[in-house]
Structure formats: structure tokens, C-alpha cells
Amino acid sequence: MGKYFDINEHGCSIRCKLFCADPRAVKRVIVSCHGFGGSKDSASAATFAERAVAKRKGTAVIAFDWPCHGNDARKNLLLEDCDEYLTIVIAYAREHFGTDELYAYGTSFGGYLLLKYLSEHGNPFRKVALRCPAINMLGTLLDNVASPADRETLDAGKPILVGFDRKVKIGPQFVEAVRAADIRERQFFDFADDIIILHGTADETVPFADSAAFADDNVIEFVPVEGADHRFHDPKKLDAAIARIIAFFEL
């Protein structure tokens with residue numbers, strides 16, 4: 001399942017993947033945001049999308065590639081480009097399908113970008129679900145993704161290549177932008193009732209404690225998933241997390 005398409009707006013060409021039973025009968029759209037170095041073709045994102053579409057008639061999921069990820073053509077990752085991509089995808093979902101019933105699902109880097117978007121633009125979504133969000137994005141990037149040699153290169157003012165499914169080029173400009181956009185210093189009380197955070201207790205990439213503290217500080221519902229790693233490789237744990245998110249969305 002899943003049909004590829006591009007959104008070509010404002011000089012951007014955003015590579016997307018649509019999951020739905022009938023594109024002519026869509027009543028609600030979930031925007032799916034993958035993690036750093038991932039893509040719209042993530043197996044776990046596809047599993048989530050297929051379950052969500054099957055759960056309730058009229059549901060669609062749009063997954064898309066962040067700048068410099070997946071099949072995206074950009075070469076240098078910039079935080080402002082990520083914000084623009086998300087803005088365009090939200091507008092497309094609303095206008096193309098004629099609905100204001102929007103939801104969001106984000107993992108890791110995608111969760112960070114969703115929270116950043118909410119704090120800067122308000123919340124266009126009815127519900128937002130975050131799995132292992134990179135609350136301390138800069139710390140996650142420098143401590144758990146980049147190597148010591150990479151950090152030395154960045155300190156010298158030069159770009160590096162990091163990531164998983166595809167190596168992503170980041171430079172000092174991206175690092176400084178992430179440092180300035182520290183969501184731990186922002187308040188999310190106005191959106192708290194519409195957000196849920198799930199995090200594996202065995203996450204080896206994004207600290208479990210960061211999500212727990214952030215959720216507690218902002219009175220956001222927090223669901224620990226015992227024994228789950230960052231990518232939720234255990235199918236049973238992933239299934240349980242997806243079921244909890246779909247229930248929160250009230251699909």
C-alpha cells in the first residue's frame with residue numbers, strides 16, 4: 001500500500017507517500033514525520049499508516065521526506081527548510097482533501113520538528129503523537145549520532161555527513177539553529193491535552209529521561225514502553241505503541 005506523489009510549491013519539491021483506501025473519500029489526514037536519516041519509506045511508518053487506514057474508513061496518512069532525506073534533492077540540511085516542508089504538507093493535506101481534521105505522528109527528529117512547529121505556529125492538529133521524540137535534539141545529534149571526529153570537524157566550521165538510511169549533510173549553521181530552537185526552554189501547556197508521548201525504556205539513541213521530564217514539565221500524557229529500543233525493532237512493542245496512538249487519535 002502507498003502511492004508516491006510530489007508536492008511542488010514555493011520552489012520546493014517534496015517527495016510524499018499517500019496511504020488510503022480511496023483518495024476520493026478522505027475525511028481525515030495524519031501527517032507522518034520520520035526521524036533523522038530516515039525516510040517516508042520507513043517500515044515502521046508504513047506499519048503505522050496501514051493500521052491507521054484500516055482502523056477507520058476515510059483515514060489517510062501522508063508520509064514525506066524531510067529535506068536531504070530519502071529521495072529529496074537538497075544537499076545541505078537547514079532547519080528553516082524543514083519548517084517550510086511541514087508547512088506546505090499541512091496546507092496540502094487541508095486543501096487537497098478539503099478537511100480540517102488533521103493529526104500528526106512524529107518519531108525522533110520528526111517529533112522534535114513537530115514540537116518546534118507547534119511552539120512557533122500554533123497547533124493545526126486535533127491530536128499529536130510522538131514516539132521517542134528528540135527533546136534535546138542538539139545533544140542527541142552531537143552525542144549519539146555524530147562521532148568525536150565529526151564534532152571536531154563541525155567545531156572547525158566544516159560540514160559533516162551523518163545519519164542512518166541516507167547520510168545527511170549538516171554544517172555549523174544547522175547546529176546553531178538547533179541550539180537556538182531548544183524546545184526544552186519552551187512551554188507547551190496550551191497543547192498538552194492534545195499530545196501524547198511514547199518512549200522506549202531501552203532507547204539507545206534518545207534518552208528516555210528527556211521525554212519523561214519534558215512530559216512532566218508540560219503535563220503531557222507519557223507512556224513508557226518497557227524494553228523498547230529507539231527504532232522499536234520488537235514487532236510486539238511496535239504493535240502496542242501503534243494501538244495506543246490510534247486509540248489516542250480516537251480513530
Side-chain angles (χ1 to χ4, degrees), residues 2 4-18 29-42 44-46 49 61-96 102 104-121 124-125 128 130-138 140-142 144-146 150 153-154 157-183 205-206 231:
Y4 293 103
F5 70 100
D6 296 344
I7 302 175
N8 297 301
E9 299 282 350
H10 307 292
C12 302
S13 183
I14 306 174
R15 315 302 188 184
C16 303
K17 191 174 184 181
L18 175 68
V29 179
I30 303 170
V31 175
S32 178
C33 303
H34 66 77
F36 190 88
S39 78
K40 64 185 178 304
D41 292 311
S42 159
S44 62
V61 176
I62 296 178
F64 67 98
D65 289 333
W66 290 116
C68 305
H69 289 71
N71 299 119
D72 187 74
R74 300 200 180 205
K75 303 299 182 184
N76 187 35
L77 185 62
L78 298 174
L79 205 54
E80 59 263 34
D81 289 344
C82 296
D83 188 79
E84 184 174 25
Y85 273 36
L86 183 54
T87 300
I88 290 171
V89 171
I90 291 169
Y92 176 90
R94 178 182 288 121
E95 295 164 10
H96 183 79
L102 304 179
Y105 169 58
T107 61
S108 197
F109 179 52
Y112 162 78
L113 290 173
L114 278 170
L115 287 168
K116 177 179 175 293
Y117 187 93
L118 297 186
S119 70
E120 295 174 355
H121 303 282
F125 305 108
V128 176
L130 308 174
R131 178 166 66 80
C132 304
I135 299 300
N136 178 7
M137 185 60 213
L138 186 62
T140 296
L141 182 66
L142 296 183
N144 299 323
V145 178
D150 288 332
T153 301
L154 283 172
K158 299 177 181 180
I160 61 172
L161 290 172
V162 291
F164 300 100
D165 298 338
R166 168 181 163 180
K167 296 297 182 181
V168 179
K169 183 179 179 180
I170 64 169
Q173 183 179 351
F174 177 79
V175 171
E176 289 308 312
V178 172
R179 179 176 284 114
D182 188 342
I183 60 171
T205 302
V206 176
R231 290 194 167 191

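What's counted below: heavy atoms across the whole structure, side chains too, no hydrogens, waters or symmetry copies. Worth saying up front: this structure is predicted, and the values here are computed from it rather than measured.
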Atom pair [atom1] ([X]) and [atom2] ([Y]), whose distance is rounded to the nearest 0.5 Å:
X	Y	atom1	atom2	result
I62	F5	CD1	CZ	4.5 Å
S32	K17	OG	NZ	10.5 Å
L78	D83	CG	CG	12.0 Å
L161	K169	CG	NZ	7.5 Å
D6	N71	CG	CG	9.0 Å
T87	H121	OG1	NE2	4.5 Å

Taking side-chain contact (heavy atoms from CB on, under 4.5 Å) as the criterion, tell me which of I90, V29, I30 meets it with F125. I90

Beyond-backbone contact of [X] with [Y], side-chain heavy atoms, under 4.5 angstrom:
X	Y	answer
L141	V178	no
L138	D182	no
C12	R74	yes
Y4	D41	yes
M137	I183	no
L79	K116	yes
C82	L77	yes
P124	R94	yes

For the student: nearest non-hydrogen atoms of [X] and [Y], plus distance:
X	Y	value
S108	G35	CB-CA, 4.1 Å
G171	N76	N-OD1, 4.3 Å
P159	T153	O-CG2, 3.6 Å

Worked verdict on C16 versus Y92 for side chain to side chain contact (heavy atoms under 4.5 Å, CB included): CA-CA 11 Å; C16 303; Y92 176 90; over 6 Å; no

Residue pair D72 / Y85, side-chain donor-acceptor N/O under 3.5 Å: yes

Worked verdict on S13 versus N8 for side chain to side chain contact (heavy atoms under 4.5 Å, CB included): CA-CA 5 Å; S13 183; N8 297 301; 2.8 Å; yes

Taking it one step at a time, do L86 and C33 satisfy side chain to side chain contact (heavy atoms under 4.5 Å, CB included)? CA-CA 9 Å; L86 183 54; C33 303; 4.2 Å; yes

Using the ring of each side chain (for Trp, its six-membered ring), is F64 parallel, tilted or perpendicular to W66, with breaks at 30° and 60°? perpendicular

Mutual orientation of the aromatic rings belonging to F36 and F174 [parallel < 30°, tilted 30-60°, perpendicular > 60°]: tilted

May I ask you to decide if K40's main-chain N or O and D65's side chain share a donor-acceptor pair within less than 3.5 Å?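 Yes, D65 side chain to K40 backbone: donor-acceptor pair under 3.5 Å.
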
Go through the steps to decide whether I135 and L115 satisfy the test side chain to side chain contact (heavy atoms under 4.5 Å, CB included), and finish with yes or no. CA-CA 9 Å; I135 299 300; L115 287 168; 3.9 Å; yes

